[in-house]
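Note on naming: letters A, B, ... go to the chains in the order of the sequence lines (proteins, then strands), and numbering restarts at 1 for each one.
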There are 2 protein chains.
Amino acid sequence: MAHEYEYARAALTVDIVVFALDENDLQVMLIERDLDPFAGQWALPGGFVHETETLDSAARRELEEETGLKEIFLEQLYTFGAMDRDPRERVVTVAYFALVNLEGHDVRASTDARNAAWFSVDELPSLAFDHDTIMDAALERLRGKVRYQPIGFELLPSKFALRELQHMYEVILDRKLDKRNFRKKILSMDILIELDEIEKDVAHRAAKLYRFDKNKYDRKTRKGFNFEL
Amino acid sequence: MAHEYEYARAALTVDIVVFALDENDLQVMLIERDLDPFAGQWALPGGFVHETETLDSAARRELEEETGLKEIFLEQLYTFGAMDRDPRERVVTVAYFALVNLEGHDVRASTDARNAAWFSVDELPSLAFDHDTIMDAALERLRGKVRYQPIGFELLPSKFALRELQHMYEVILDRKLDKRNFRKKILSMDILIELDEIEKDVAHRAAKLYRFDKNKYDRKTRKGFNFEL
DNA sequence: CCAAAAGTGTTAAAACTACACCCATGA
DNA sequence: TCATGGGTGTAGTTTTAACACTTTTGG
């Protein structure tokens, strides 16, 4: 196709920072590059935006192709356009961050003949391109946003114990929270449904399970309610 | 140049939502398009990203070319990539928002043989492309961010009275604030310098002038202080 | 019966809200 | 002298922070 606007065009990619929780850490998924530049180094999953898809679709497609993850929480983060971020030529990338609950999704640890793996955010290798910068921005965004938007639930199974919820916040915010105060606060928001169900296969006393009530949250939000931890 | 990545490439633009305050309103600068598509309609200032500049530089360059504004607060907002946002071909735009104090900057009301003008945000014409959507996003971001980051000062002259500061928040947040409580709160943050200077040419009792102490704010922030209104 | 985590209340301090008057100044 | 906005304090209420023990359950 002849371009109507005759400017040299940057290549456009998407890159995704996928967060998940394991027992004790916040983790991100990385992919080992098999080609130059940066062959053998770890990088964020991502790839080129096709002419026939939106940025969001490109991010979802790449995520599924490279990690098998689909239908997960995905939000645009920031667009990076430094001149030399790709040594070959000008590439602008739209970065996303994603949140996934490991139990609900079957993550291919390796796909595309490429090696994919989870890394704890405080034991990251140095990354290809400017992906360290993107990672920092994603972490900062997650830590900021989790406190005033109920996105943290995306990292948990749909039924969870209050301990798990508290633990998720402790891991992301990197500080201890007081158990009684945390429970009082989150329950007083009245956005959780207490289920008639308790934890299974737990070594000791089983906790009640809860579910996030998105409808109620949306209704309350429209009436001026603000989630804040 | 031969493209190393052989994908069809979207054109890449920047668009900027420039906010300013007049006596009573929050305003934005718009530009009347002289060419199709949308000839005669109002649109955000913006234009193509050149191959030799970053996204931020492109935004600053376009802003200066189209409005004469330079060295103003500028922050990336969001990247819009809907398939049909430009009727001619695929164009992805990186949107920015800017804050400017009208008194400190000489704004050309008209440049480039194009017509530029300020509009109150609650009396906007319908805009070209998807610029309505971008505008909504910018307003939402400004309203959210102004409460927990000290960016509102960018809309005021460097020396300002507390009344002006309060008024700025009232206009942006669209609600009355209590004078005594507002003063207590903002002064207790200890990020303003009280100057040995009072308002000039004011019809009645002149107010003390203050200045935002960015250094002190940065120092306090590093020690865990959080601005919040 | 022991280990482990669940669940629960109170108190003191701090922050927030609502509210009204006198003062200084220039016209 | 009047109109305009500057500047100030308090009391009631709400929110937050700190803190420890008993209960339940499975192994």
Side-chain angles (χ1 to χ4, degrees), chain A residues 21-24 146-148 150 156-157 159-171 173-211 220 223-229, chain B residues 21-24 146-148 150 156-157 159-171 173-211 220 223-229:
Chain A
L21 278 183
D22 81 347
E23 310 294 288
N24 299 304
V146 83
R147 284 181 38 213
Y148 63 92
L156 298 178
K159 300 170 180 183
F160 51 83
L162 294 184
R163 168 187 35 82
E164 298 176 279
L165 188 61
Q166 176 176 347
H167 181 246
M168 180 268 291
Y169 284 111
E170 290 179 335
V171 166
L173 300 176
D174 197 24
R175 67 188 157 97
K176 279 296 277 174
L177 301 174
D178 178 88
K179 180 163 68 161
R180 277 172 291 190
N181 293 339
F182 176 79
R183 285 169 177 242
K184 242 178 298 173
K185 180 96 184 243
I186 200 84
L187 290 175
S188 75
M189 289 184 194
D190 190 28
I191 53 172
L192 297 186
I193 301 168
E194 181 178 338
L195 302 174
D196 285 331
E197 220 175 318
I198 56 173
E199 287 183 299
K200 285 278 178 217
D201 301 323
V202 77
H204 300 286
R205 178 176 176 182
K208 280 184 209 151
L209 294 180
Y210 292 80
R211 181 193 293 283
K220 295 189 72 159
K223 289 181 190 151
F225 167 76
N226 275 304
F227 181 91
E228 188 173 339
L229 204 78
Chain B
L21 279 183
D22 81 345
E23 310 294 288
N24 299 304
V146 83
R147 284 180 40 213
Y148 63 93
L156 298 179
K159 300 170 180 183
F160 51 83
L162 294 184
R163 168 186 36 79
E164 298 176 280
L165 189 61
Q166 177 176 346
H167 181 247
M168 180 268 293
Y169 284 111
E170 290 179 336
V171 167
L173 300 176
D174 198 25
R175 65 187 157 98
K176 279 296 276 175
L177 301 174
D178 179 87
K179 179 162 67 162
R180 279 172 290 192
N181 294 339
F182 176 80
R183 286 170 176 240
K184 242 179 299 174
K185 179 96 186 242
I186 199 86
L187 290 176
S188 75
M189 288 185 195
D190 191 29
I191 53 172
L192 297 185
I193 301 168
E194 182 178 338
L195 301 174
D196 285 331
E197 221 175 319
I198 57 174
E199 287 183 298
K200 286 278 179 217
D201 302 322
V202 76
H204 300 286
R205 178 177 177 180
K208 281 185 207 151
L209 295 179
Y210 292 79
R211 180 193 294 283
K220 295 189 72 158
K223 289 182 191 149
F225 168 75
N226 275 304
F227 181 91
E228 188 173 339
L229 203 78

For the atom pair OH (A/Y169) and CZ (A/R147), what is the distance rounded to the nearest 0.5 Å?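 The CZ atom of A/R147 is 11.0 Å from OH of A/Y169, to the nearest 0.5 Å.
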
Please identify the 5'-most and 3'-most nucleotides of DNA chain D with any atom under 4.0 angstrom from a heavy atom of chain B.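 Going 5' to 3' along DNA chain D, contacts run D/dA3 to D/dT10.
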
Does B/K159, at its NZ atom, have more than 12 non-hydrogen atoms belonging to other residues, nucleotides or ligands within less than 6.0 Å?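 It does not: B/K159 NZ has 12 such atoms or fewer within range.
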
Starting from the C-alpha separation in whole Å, work towards a yes-or-no answer on side-chain contact (heavy atoms from CB on, under 4.5 Å) for A/L21 and A/E164. CA-CA 10 Å; A/L21 278 183; A/E164 298 176 279; over 6 Å; no

Near DNA chain C, which residues from residues 175-186 of chain A have a heavy atom under 4.0 Å away?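 Of all residues in residues 175-186 of chain A, the ones placing a heavy atom under 4.0 Å from DNA chain C are A/K179, A/R180, A/R183, A/K184.
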
Sorted by number, the residues of residues 191-198 of chain B with heavy-atom contact under 4.0 Å to DNA chain C: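 Heavy-atom contacts with DNA chain C come from no residue of residues 191-198 of chain B; none.
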
Checking B/Q166 side chain against B/L177 main chain: does a donor-acceptor pair fall under 3.5 Å?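 Confirmed, B/Q166 side chain pairs with B/L177 backbone.
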
Can you find a heavy atom in the side chain of B/K208 that is under 4.5 Å from one in the side chain of B/L195?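 With C-beta onward as the side chain, the pair stays apart.
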
Given side chains that start at C-beta, do those of B/F225 and B/I191 come closer than 4.5 Å, heavy atoms only?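 Of all side-chain heavy-atom pairs linking B/I191 with B/F225, at least one is under 4.5 Å.
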
After noting the C-alpha distance and the side-chain angles of B/L229 and B/V146, does the key distance pass the side-chain contact (heavy atoms from CB on, under 4.5 Å) rule? CA-CA 8 Å; B/L229 203 78; B/V146 83; over 6 Å; no

Least distance between heavy atoms, B/I198 atom then B/A206 atom: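 What the structure gives for the nearest pair is CD1-CB, 3.8 Å.
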
List the atom of A/F182, the atom of A/L162, and the distance in Å for their closest heavy-atom pair.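 Taking every non-hydrogen atom into account, CE2-O, 3.9 Å.
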
Output all residues satisfying salt bridge (charged side-chain N to carboxylate O under 4.0 Å, His left out) with A/K185, sequence neighbours left out; order by chain, then residue number.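 Listed in chain order: nothing, the list is empty.
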
Residues which pass salt bridge (charged side-chain N to carboxylate O under 4.0 Å, His left out) with A/K176, listed by chain and number, not counting sequence neighbours: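 With neighbours one apart ignored, the set is A/E170.
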
Hey, what are the protein-to-nucleotides 25-27 of chain C N/O distances that come in under 3.5 Å?
from   : atom 1 : to     : atom 2 : distance (Å)
C/dG26 : O4'    : B/A203 : O      : 2.9

Just do the side-chain contact (heavy atoms from CB on, under 4.5 Å) check on B/Y210 and B/I186 with the steps written out, would you? CA-CA 11 Å; B/Y210 292 79; B/I186 199 86; over 6 Å; no

